[in-house]
Protein chains: 2
Amino acid sequence: MNNNTYYLFFTNLANPLKMDIIFCLRDKEKNVSEIIKECGVEQSKVSHALSSLKACNIVQVKQEGKERIYFLNKDTIVPMLKLIEKHANVHCKCKCCDNETCGRRKK
Amino acid sequence: MNNNTYYLFFTNLANPLKMDIIFCLRDKEKNVSEIIKECGVEQSKVSHALSSLKACNIVQVKQEGKERIYFLNKDTIVPMLKLIEKHANVHCKCKCCDNETCGRRKK
DNA sequence: AATACATATGAATTAGATTTCATATGAATA
DNA sequence: TATTCATATGAAATCTAATTCATATGTATT
C-alpha cells in the first residue's frame, strides 16, 4: 500500500457524474440505458465514468443478453459516504459545499 | 446534503501532496516548516494544499508565536483511509494503483 | 521602528481529468 | 448474414485544479 492507492481512489470519485451514478445504483442494479436516462447525460459520458469506476472495483458488471448490468460494490462506498455525511453534518452547518464557503465551485 | 458535498470532499483529497500531508500529520501535529521539510516540497505549494484541506475541516490550525500548527481532524479521515486500505487489500492484489492497471497515472 | 522569520495569497501557467464526437464491438433478431 | 440495439473505445478539445512565482501579511526580535 502506498500513497498512490489513496489519492487515486479519491481521484476516481472526485466527479459529480460519478457521484450521480453511485447514488443511482445505491438501491438497485441497473443497465447502462437506465443509468443514462436517470442521470440525464450522454451515453459515452456515462460509459467512460462507469469504466473508471469499474477499474477501481467501485462498481461491477454482469452481462445479460445485450445489456450490461452495473451494480455497486457497497462494502467500501456506502460506509464512506456515511462518513462524509457525518462530517458535513458536524462541519458544514453553514451550507458549506452548497455555496462558496469551501472555496470550490459547485456543478 | 446533496451530491456536491460528496464529490467536493473527494475532490479535495484527490491529490498526492495532500495525501502526503495527511500522512505526515497522522501521528503528530506539526507546523508548516516541518511539513515542508518532511514532504520535501516548496512552501507555497504546501500552504495552498493546507488551505483547501482546512476549508473542508480535514485539518485544523492553531497559532503558536509566529508558527502555525496544523493538526488532523482524525474523525473522518482515519476511518476513511482504513476503508480504502481494506478495499485495496481485497481488490488490488494485482499491484493495482501501483501500476497502470487502474487506468490512471501515478505521481 | 526596522528587520527577520513564518506563512499566506493572487494571478498566470501547467497538468491532468472530463467531455465530446465519431467510430467500433458484440449480442440479438429478422 | 444483414441489421439493429446496447454499450465501449479513442483521440482531440475543453475544463478545472495544482503549480509556480512574486508578493503580502503578521509575529517576534533587535
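Numbered from 1 within each chain, the chains take letters A, B, ... in sequence-line order. Note that the structure is predicted; figures quoted are calculated from it, not measured.
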- Query: Under the 6.0 Å and 45° cation-pi test, does A/Lys54 pair with A/Tyr70?
  - Reply: no

- Task: Report yes or no: is the cationic atom of B/Lys18 (NZ for Lys, CZ for Arg) under 6.0 Å from the centre of the six-membered ring of A/Tyr7, at an angle within 45° of the ring normal?
- Result: no

- Query: What string of B, S and - do you get for nucleotides 20-28 of chain C 5' to 3' if you count protein non-hydrogen atoms under 4.0 Å?
  - Reply: BB-----SS

Write down the distance between [atom1] ([X]) and [atom2] ([N]), rounded to a whole number of angstrom.
{"X": "B/Asn12", "N": "D/dT16", "atom1": "CG", "atom2": "P", "value": "17 Å"}
{"X": "B/Asn31", "N": "D/dA28", "atom1": "CG", "atom2": "C1'", "value": "15 Å"}
{"X": "B/Glu34", "N": "C/dT7", "atom1": "CD", "atom2": "P", "value": "9 Å"}
{"X": "A/Leu50", "N": "C/dT18", "atom1": "CG", "atom2": "P", "value": "13 Å"}
{"X": "A/Asn15", "N": "D/dC15", "atom1": "CG", "atom2": "C1'", "value": "12 Å"}
{"X": "B/Phe10", "N": "C/dA17", "atom1": "CZ", "atom2": "C1'", "value": "17 Å"}
{"X": "B/Lys37", "N": "C/dT7", "atom1": "NZ", "atom2": "C1'", "value": "15 Å"}
{"X": "A/Leu17", "N": "C/dT19", "atom1": "CG", "atom2": "C1'", "value": "10 Å"}

Does the [X] side chain pair with the main chain of [Y], one donor and one acceptor, at a distance under 3.5 Å?
{"X": "B/Gln63", "Y": "B/Gly65", "answer": "yes"}
{"X": "B/Glu64", "Y": "B/Glu67", "answer": "no"}
{"X": "B/Asp75", "Y": "A/His87", "answer": "no"}
{"X": "B/Asn89", "Y": "B/Glu85", "answer": "yes"}

- For B/Ser33 and for A/Ala49, locate the closest nucleotide of DNA chain C by heavy-atom distance; then report the residue assigned to the nucleotide nearer the 5' terminus. B/Ser33

